[in-house]
Amino acid sequence: MSEGSAVKVAVRVRPLNSREIKMDAKIIVKMEGKQTVLQNPSMEADKKKFTFDFSYNSMVDPSDRAYTTQSHVYRDLGVDVVNSCFEGYNACVFAYGQTGSGKSYSMMGYGEKGLIPRICEGIFKRADTIRKQDPDTTFAADVGYLEIYNEKVRDLLGDTPKGKINHSLRVREDPKLGPFVDGLTSHTVTDYEGIDILMEKGNSNRTTAATNMNDTSSRSHAVFTMRFTQAMLVEGVPCEKTSKINLVDLAGSERTSSTGATGLRLKEGGNINKSLTTLGQVIHALAERSNSKKKKLAHVPYRDSVLTWLLRESLGGNSKTIMVAAISPADVNYGETLSTLHYANRAKNIVNKAIINEDENVRIIKELRSEVMRLKQLLGGDEAIAALEAKRKEAQQRLEEATTDEERAAAQQEIDDAESDLQKAETTNTVQAGALKQAEQMMSAMTDKWKQKWKDQTDILEQRALEVKESGRALQVNSEQPHLVSLNLDDPLATGVTLYYLHEGSTTLGREGTVSAM
C-alpha cells in the first residue's frame, strides 16, 4: 500500500557571521509564523513572502524566546523520520543553501548535535524501549557514508590498502532497489555509539577547504545512509520491515565573485554548482509533474548528475522526504537567499509515493495465514453436514410413515438427494482439511526458517558490531570487578594494554614509599 506525501520543507535562517558584520550587512529576512519574508535591499516596497511547513528563526540571540534550537528542529523534523523508520517507510532529509548558510550546522551540528546524529540516536533509543517491552523483537542496522566530490563517489568509511579513500566507486541500478553504489562498504551497528564512531571517522575523511565565504566550506555532498530492519512476531506471524534512511548534507552553491575561488577550489565549485543546478531541474520537473494533468509528463533529468541519480527514490519516489533550506539574513546575499527560497518553494509541490517495505517471505507467510483462516471458515461446513444428516433423518422418518406410493417416492427422493449432497460435502470437507493442513505446515516451516534466519543474523550482527567498536576510538572493558587499565604504547614487545584487577583490601602501585595505598 502506497502513501502519497508531499515533500516537507523547512527554512532556517542563521545569525550574521563575522564576514557579514565586517561588511556592515543589514538583516533583510523576517520569520512570521510559517512565513519567510525577504526584503529586497534595493526596493523597500518589494517584499517577497513564502509559506513553508516550518520557518525557523535562529538569527536572534539564543536567549530570545523566538530562537529555534537544534532540539526544536529535531522535534519538528527528526521525530517524523524516526516514526517513518519504525513504520517501515524509507525517509530522506537533505539540506540546501549557499555556502556558509548553516547547512552542516543543522545537519551535523557543531558543539550541539544536529539532525543526523539526533535521528540516529532517536532510532536506537526507541529500539531499546521496544526491546524492553518485547525481548523477542530484533533490530538490525547497517550504515554507509559517502561523499560526491567532483562528480565522483568516495567511500568515507572504507580502508584501502594504502590507507587512501577509494575514488572510483560507481553508481549502478538494481531492478528492485534502484540506484546503489557498487563497492560501498556497509558497517553493522547495534547502538548509537557505533554510529558515532563511524560518523566521526567519515567526517574526518570528508573534503573541506577555506574560501572567502566559509573557513570550513564543504567541497563535496555527503550522504549518510542507514538500512534499518526490525523483526517481530505479531500473534505468531512474522513481521519484518526495512527502512532506508538517507541523511544528506549538500555542499553550498557558490558564486566565484564571492568565494574568491581559483584553481582546484574553482573546479570544485563548478562541479558543486553543476550538481545543484541538476537538482534544481529535477525539483522543477517533479513539481510540474505533481501539478500537471497532462498525459505526457515532463522529463526528470535524474541521470544528469551523480547526486540526483543516487537520490532518485528520495525525490518523487518511494520515500518520505524533508528539505531543510538554510539561508543567510544578510542583504549582501540577497540573490542567493532568493534563489534558495525559490528552490524550497518548488520542492514543497513534489509528491512522493512511499510504501511500507516488507520482506517478501514474510508477505508470503501472511498470505498463507489468510488462506488458513479462509479454509477454517470453510471447514465450518461441519454444520452444513449436520444439517444434511438431519434432513436425511427427517426424510427417512417420512418414508416410514408414508401410506401411499406417491408419499414413499417423494420421501425416497429426498433421502437420495440428501445422501448425494452429504457425500459431496464430506468430500469437499476432506479436500479442504487437506489443504488446511498443507497450508499450516508450510506456514509453520517458513516461520521456523524465518526465526532461525534472524537468530543466526543476530549473532553475526553482534559480532560485527563488536568489531566496529574494537576498531573505533576507544577500548571497551566489560567487567563488574573494579580494575585499572594501563596503556603501554611505547614497548613494542607489549600488547599495549595491561589490566589490573583491584581485589578486596589495599592495593599498592609503584615503588614503595612513592605512592599511597588504595
What is the distance from atom [atom1] of [X] to atom [atom2] of [Y], rounded to the nearest 0.5 Å?
| X | Y | atom1 | atom2 | answer |
| --- | --- | --- | --- | --- |
| Lys201 | His187 | NZ | NE2 | 6.0 Å |
| Asn349 | Arg289 | CG | CZ | 15.0 Å |
| Lys113 | Ser71 | NZ | OG | 12.0 Å |
| Leu276 | Gln98 | CG | CD | 12.0 Å |
| Phe180 | Arg170 | CZ | CZ | 11.0 Å |

Specify the closest pair of heavy atoms between [X] and [Y], including all atoms of both residues, with the distance to one decimal.
| X | Y | answer |
| --- | --- | --- |
| Gly122 | Tyr74 | CA-OH, 3.6 Å |
| Asp76 | Asp80 | O-OD2, 3.6 Å |
| Phe124 | Ala141 | CZ-CB, 3.9 Å |
| Phe94 | Leu279 | CE1-CD2, 4.5 Å |
| Gly88 | Gln230 | N-NE2, 4.3 Å |
| Met107 | Leu247 | CE-C, 4.4 Å |

Worksheet item: More than 12 heavy atoms of other residues, nucleotides or ligands under 6.0 Å from CZ of Arg131: is that the case?
Response: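 Counting other residues, nucleotides and ligands, CZ of Arg131 exceeds 12 neighbours.
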Practice prompt. Verify the neighbour count for atom NZ of Lys125: are there more than 12 heavy atoms of other residues, nucleotides or ligands below 6.0 Å?
Written response: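 Not buried by this count: 12 neighbours or fewer within 6.0 Å.
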Practice prompt. Begin with the C-alpha distance, continue with both residues' side-chain angles, and end with the deciding distance and a verdict on salt bridge (charged side-chain N to carboxylate O under 4.0 Å, His left out) for Lys132 and Asp134.
Written response: CA-CA 6 Å; Lys132 289 175 183 176; Asp134 181 7; over 6 Å; no
Taking [Y]'s backbone N and O only, do any of them form a donor-acceptor pair with [X]'s side chain (distance below 3.5 Å, no angle check)?
| X | Y | result |
| --- | --- | --- |
| Asp46 | Lys48 | no |
| Arg346 | Ala287 | no |
| Lys30 | Ile28 | no |
| Thr340 | Gly97 | no |
| Tyr302 | Leu315 | yes |
| Thr68 | Ser58 | no |
| Glu121 | Asp196 | no |
| Thr337 | Ser328 | yes |
| Asp191 | Gly194 | yes |
| Gln133 | Ile130 | no |

Any side-chain heavy-atom pair of [X] and [Y] under 4.5 Å:
| X | Y | result |
| --- | --- | --- |
| Ile356 | Tyr89 | yes |
| Leu169 | Leu146 | no |
| Ser55 | Gln35 | no |
| Ile322 | Val81 | yes |
| Tyr67 | His72 | no |
| Cys85 | Ile245 | yes |
| Leu286 | Val7 | no |
| Ile197 | Val189 | no |

Worksheet item: Does the cation-pi check pass for Arg126 over Phe86, that is, NZ or CZ under 6.0 Å from the six-membered ring centre and within 45° of its axis?
Response: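 Here Arg126 passes the 6.0 Å and 45° test against Phe86.
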So, [X] versus [Y]: side-chain donor-acceptor pair below 3.5 Å or not?
| X | Y | answer |
| --- | --- | --- |
| Ser104 | Asp249 | yes |
| Asn90 | Ser243 | no |
| Asn352 | Ser319 | no |
| Asn205 | Tyr145 | no |
| Asn246 | Thr225 | yes |

Worksheet item: Thinking salt bridges, do Asp174 and Arg172 make one under a 4.0 Å N-O criterion?
Response: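 So Asp174 does not pair with Arg172 through a salt bridge.
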Worksheet item: By side-chain contact (heavy atoms from CB on, under 4.5 Å), which residues pair with Pro15, not counting sequence neighbours?
Response: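 Listed in chain order: nothing, the list is empty.
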Worksheet item: Would Arg312 and Glu173 satisfy side chain to side chain contact (heavy atoms under 4.5 Å, CB included), going step by step from the backbone distance to the final call?
Response: CA-CA 11 Å; Arg312 189 189 69 178; Glu173 184 175 14; 2.9 Å; yes
Item to complete: Measure centre to centre between the rings of Phe50 and His342, then say whether the value is under 6.0 Å.
Response: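 Here the rings of His342 and Phe50 have centres that are less than 6.0 Å from each other.
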Worksheet item: Which of these, Ile119, Ile195, Ile116, sits in a side-chain contact (heavy atoms from CB on, under 4.5 Å) with Met226?
Response: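 In the set Ile119, Ile195, Ile116, the residue that makes a side-chain contact (heavy atoms from CB on, under 4.5 Å) with Met226 is Ile195.
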Worksheet item: So which pairs with a foot in residues 49-70 pass salt bridge (charged side-chain N to carboxylate O under 4.0 Å, His left out), sequence neighbours left out?
Response: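 Pairs touching residues 49-70 that pass the test: none.
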Practice prompt. Could you give me the CA-CA distance, side-chain angles and deciding distance for Phe54 and Val73, then say whether side chain to side chain contact (heavy atoms under 4.5 Å, CB included) is met?
Written response: CA-CA 9 Å; Phe54 301 98; Val73 174; over 6 Å; no
Practice prompt. Just do the side chain to side chain contact (heavy atoms under 4.5 Å, CB included) check on Thr36 and Met31 with the steps written out, would you?
Written response: CA-CA 5 Å; Thr36 299; Met31 299 303 199; 3.4 Å; yes
Practice prompt. Could you walk me through whether Glu20 and Asn333 pass side chain to side chain contact (heavy atoms under 4.5 Å, CB included), step by step?
Written response: CA-CA 9 Å; Glu20 292 160 346; Asn333 295 318; 2.7 Å; yes
